[in-house]
Amino acid sequence: MSTLHAGLGSSQWRDVGAIDDIPRQGARTVATASGAIAVFRTADDAIFALHDACPHKGGKLSQGIVHGHAVTCPLHGWVIGLADGCAEAPDEGCARRVPVRLAAGRVLLQVDA
Amino acid sequence: MNMIAPRRRRLVLVGNGMAGVRTLEEILSRAPEAFDITVFGAEPHGNYNRILLSPVLAGEKRFADIVTHDSAWYAARGIELIAGEEVVAIDRDARRASGARGTVRPYDVLLLATGSNPVILPVPGAGLPGVVGFRDIADVETMLAACASDMRAVVIGGGLLGLEAAHGLARRGARVSVLHLMRSLMERQLDPASAEMLRAELIARGIAVLTEANTEAILGEDRVRAVRLADGREIAADLVVMAAGIRPSIVLARAAGLACRRGVLVDDRLCTSDPAIYAVGECVEHQGQVFGLVAPLFEMAKICADAITGAAETAFRPSVPATRLKVTGIDLFSAGDFLGSADTEEIVFRDPARGVHKRLVLREDRLVGIVLYGDAADGAWYFDHLCSGTDLAGQRDGLVFGPAFAGGEAQSGVEALPDSAEICGCNGVSKGRILGAIAEHGLTTLDEVRVRTKASASCGSCTAQVEALLRKAAGAAYSATPAVKPLCKCTRLGHDAVRAAIRERRLKSIPAVMRALEWRTPDGCAACRPALNYYLLCAWPGDYADDAQSRFVNERMHANIQKDGTYSVVPRMWGGVTSATELRAIADVVEKYQIPTVKITGGQRIDMLGVTREQLPRVWRDLNAAGMVSGHAYGKALRTVKTCVGSEWCRFGTQDSTSMGIAIEKMAWGSWMPHKTKLAVSGCPRNCAEATIKDLGVVATESGWDLHVGGNGGVKVRATDRLCQVHTPAEVLEYCAAFLQLYREEAWYLERTAPWIERVGIDYVRRRIAEDGEGRRALHARFLESQCYAQKDPWAERAADDVAFADLATVA
Ligand code: SRM
Ligand SMILES: Cc1cc2nc3c(=O)[nH]c(=O)nc-3n(C[C@H](O)[C@H](O)[C@H](O)COP(=O)(O)OP(=O)(O)OC[C@H]3O[C@@H](n4cnc5c(N)ncnc54)[C@H](O)[C@@H]3O)c2cc1C
Ligand code: SF4
Ligand code: FES
């Protein structure tokens, strides 16, 4: 676990770890002042980040099964798209997205400090 | 009320097979209330579709799939089924039939439908263990039990049955040789040219074919070792299948003094020489002819029902039979006089590159014989012309190219057929009747058509045509019946097909399964991935590397997720028994980690609720240190084995149920299952451990242990079915393990034992566990083998891995 210091300004790209710290088809969480953020790594090594709360009843999406570019919430099975954070029809609602990118194998997350 | 109903007539059916039961159906449809019916069957179960034993042998279907009438069918119609008891005598004067176990039933009308027996060649060694016929499910089971990899099988007989047996055994991994007495295979259905193509195809599939092979002796001391031919050759064999023909089964009829020649003699109404006795099926001889395919037998069923119920005056006139071979990937159709004679002409078409051969035999411009090899799609169209005797003079040029060309109409397949054309040969159902039923009842699925008309319900080879008719007639309403329910939306295949492919194609990872079976999604979904992970783990206990990312969170975290995202932790308490040390360790853990709730579960153990993800490894370490392991309260796995106090303390206890429960739990803990699995052991029939609503319940009695299976206390309460009684604790363990393994190997993922048993029938489970000793021991051995790999405490394995349970980072 690494603890990072807040930089200047409100929104910054922060290095939260290496892509290989996240299992393929899995997720890890980043604790922030505004709650946990789930960082997902898909089978094709794409990276996504969402607030770790399902739009249904707040289930921890980081604990769901990741398939394609989606995650199935562990509590009641809603399927949430990783790219937009939105539930697949017929369910409605979106988890908040968090900007994320990869640089030289490092995961950079844009979070408010 | 004191009205006295007239006494119903008593009908006894001897022979619970395809012809007999079909005749019952025909009788019930004409006169549902006329008879009190008793059925004697030598085989120990309801009726099944014997034709489909070939796909069962080949692993393409399971026995449960081919059962057509289970015990519930008989019960619902008030029919007494005496399964597993052969009738050994008929007293015609007293009108009584007696069974081998002493059951006697009087009759007013007796129906004989005893079928036929495989011809066992009268050569030395024919009685050795390892020599089997191919007639019933017991034969198939004998073959499968012998099927070790690399086993050598010799099939004697290169006819329909022999080749289906050879194909099935080869699919199961045996090295197969077919010995055929004649020069060419299936000489009663194929002309030499197509027989040669068939032989080449079989050889290409690794099946050795020896023609003009005259079996002289079967060699071996206490089991078959080889087959010796008249020319001195010896072919090594671990199994010999006799498929050299069938002989009507008439021992009983003959002993009762009924007139018989090759078969029981019947008149046009299927009545024997005794007016109170009728006969149908392969046991009969009608005008010098005996029968070996179902189509004429199902015609007999109708005529015989007309006669028995007096519904109509009809006469049996067998039609021309047509044959198809049920060997996957070999398309073959044959009917009529396909060899021709001096007064016939032949049209022959050959396309060796495509492996197609067609031979049409005409007499005076009318079709009298057909052989289609490699492309039999137009079989029904030709057969219709053959049966109706159409004058084909104007169509001869294009005839061999099928309906698309003959007569110049650009129509093809089933659309080209007239309404009178027979689509389903087995059940004699015409195109017109199918279309009529679709229109009248608004049918939209294949299953509905099968139920209404019986078309495609026997050998299944006309399924494509029935579906084409549905598509056309029902249009948009047609639901392309996935013959089975797909596992999930990522695939067309059902659970069984996926499992069979994993085993047979030796697929050993989730991506390999998805590639080989053409998954529609790149990496599956939350429904199929856990199922595949389980199926792989069950099939390859030693080899498969579990995929944590394909498991539901609880099984990945080895704890139950709660609605607030914390977890609950349940250590195993063997048989519900605990100690001061364990309780003290739990108390310490609760205080140390400030766990908010401690609760006694409904499963006789203790639940600590509200543990955070980060705390899990440390909680486990502390519990492990006190000797406790994971209780798998979170898994599709063995959960609890509840027990009562039993004979150690209880004044009513008959056996030590607590120790028995602990022994079972020690044997079975850690095993992954299709769904959660709960057991219980009670010390007497008062059943304080509630064993009769468990997946497997053991109830002690004075004389031993009663085993019960398939109970459920959840959403839909179901009491168990009694499996059997056993006498020693060792037997309890063996039967339990075998039952759990059967469930592990055959139930669908997320199917608990209760719905599984309702699907396959308790009779099936009884047969596999209680009646088949060898099979049971094999299941028991496979369970123990898989336990060698499964019994590792997941907590101990993961307790050191704090990092994986922690946040990736904290942004302050
Ligand atoms: C803890 C416990 C309740 C308790 O406090 O007593 C419990 C708790 C849950 N049960 Fe249960 N069941 C518990 C005993 C039972 C029993 C009684 C028994 O085991 O003797 C039953 C009825 C018996 C049976 O299964 O046939 C039972 C029938 C169910 C069902 C319905 C299953 C069914 O086939 O109909 C579910 C739903 C499911 O599994 O899909 C369920 C599901 C659940 C889940 C896992 C719900 C979930 O998915 O989160 C609950 C987890 C809570 C947790 O995190 O601990 N629980 N549950 C019991 C744990 C027993 C143990 O020591 O392992
Ligand atoms: C592997 C295989 C594949 C086949 N494939 C095809 C095919 O593709 N197409 C086709 O048309 N046909 C096929 N057949 C043939 C078809 O299955 C038979 O024609 C049909 O089953 C005969 O029906 P039956 O009722 O006369 O006899 P069975 O179905 O054999 O029924 C007779 C029953 O009577 C019982 N019995 C016998 N004696 C007694 C007694 N004394 N007391 C009580 N019970 C008794 C027997 O145990 C048996 O269960 C196949 C057969 C086999 C074995
Ligand atoms: S009955 Fe079982 S599933 Fe329902 S609330 Fe209670 S513990 Fe949860
Ligand atoms: S909280 Fe995610 S599905 Fe209910």
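Side-chain atoms are counted along with the backbone in the values below, which use heavy atoms only and exclude waters and symmetry mates. In this text the structure is predicted, and so the values were computed from the model without any measurement. Throughout, a chain's letter reflects where its sequence line sits, starting with A, and its residues are numbered from 1.
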Q: Among B:Pro511, B:Cys525, B:Pro530, which residue has the highest count of heavy-atom pairs closer than 4.5 Å to chain A?
A: B:Cys525

Q: Taking A:Arg28 for its side chain and B:Ala809 for its backbone only, find out whether a donor-acceptor pair lies under 3.5 Å.
A: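 No; zero donor-acceptor contacts below 3.5 Å.
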
Q: Measure A:Val79 against the heavy atoms of chain B and call it side chain, backbone, both or neither at under 4.5 Å.
A: neither

Q: Return yes when atom CZ of A:Arg106 has more than 12 non-hydrogen atoms of other residues, nucleotides or ligands closer than 6.0 Å, and no otherwise.
A: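 Yes, the 6.0 Å shell around CZ holds more than 12 heavy atoms from other groups.
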
Q: Take atom CZ of B:Arg621 as the centre, draw a 6.0 Å sphere, and report whether it contains more than 12 heavy atoms from other residues, nucleotides or ligands.
A: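 Yes, because the 6.0 Å sphere around CZ of B:Arg621 holds more than 12 heavy atoms from other groups.
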
Q: Among A:Ala36, A:Gly64, A:Ala31, single out the residue with the greatest number of heavy-atom pairs under 4.5 Å to chain B.
A: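 Max contact count across the listed options: A:Ala31.
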
Q: What do you reckon, is CZ of B:Arg759 surrounded by more than 12 foreign heavy atoms closer than 6.0 Å?
A: yes

Q: In Å and rounded to the nearest 0.5 Å, what is the CD1 to CG distance from A:Ile37 to B:Asp807?
A: 10.5 Å

Q: Would you mind checking which part of B:Asp564 comes under 4.5 Å of any heavy atom in chain A, side chain (CB onward), backbone (N, CA, C, O), both or neither?
A: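 Just the backbone, heavy atoms under 4.5 Å.
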
Q: Does any backbone or side-chain atom of A:Ile22 lie under 4.5 Å from a heavy atom of chain B? Answer side chain, backbone, both or neither.
A: side chain

Q: Quick check on B:Lys489: does its NZ atom have over 12 non-hydrogen neighbours (other residues, nucleotides or ligands) under 6.0 Å away?
A: no

Q: With a 6.0 Å cut-off (strictly less than), is the heavy-atom count around CD of A:Glu92, excluding the residue itself, greater than 12?
A: no

Q: Where is the tightest heavy-atom contact between B:Gln549 and A:Ile65, given as atom of each residue plus distance?
A: O-CG2, 4.0 Å

Q: Using the side chain to side chain donor-acceptor pair (under 3.5 Å) definition, which of the options A:His67, A:Arg24, A:Gln25 pairs with B:Asp523?
A: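 That would be A:Gln25; it is the only one of A:His67, A:Arg24, A:Gln25 passing the side chain to side chain donor-acceptor pair (under 3.5 Å) with B:Asp523.
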
Q: Can you check whether A:Lys60 reaches B:Val553 side chain to side chain, under 4.5 Å on heavy atoms?
A: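 No, their side chains stay 4.5 Å or more apart.
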
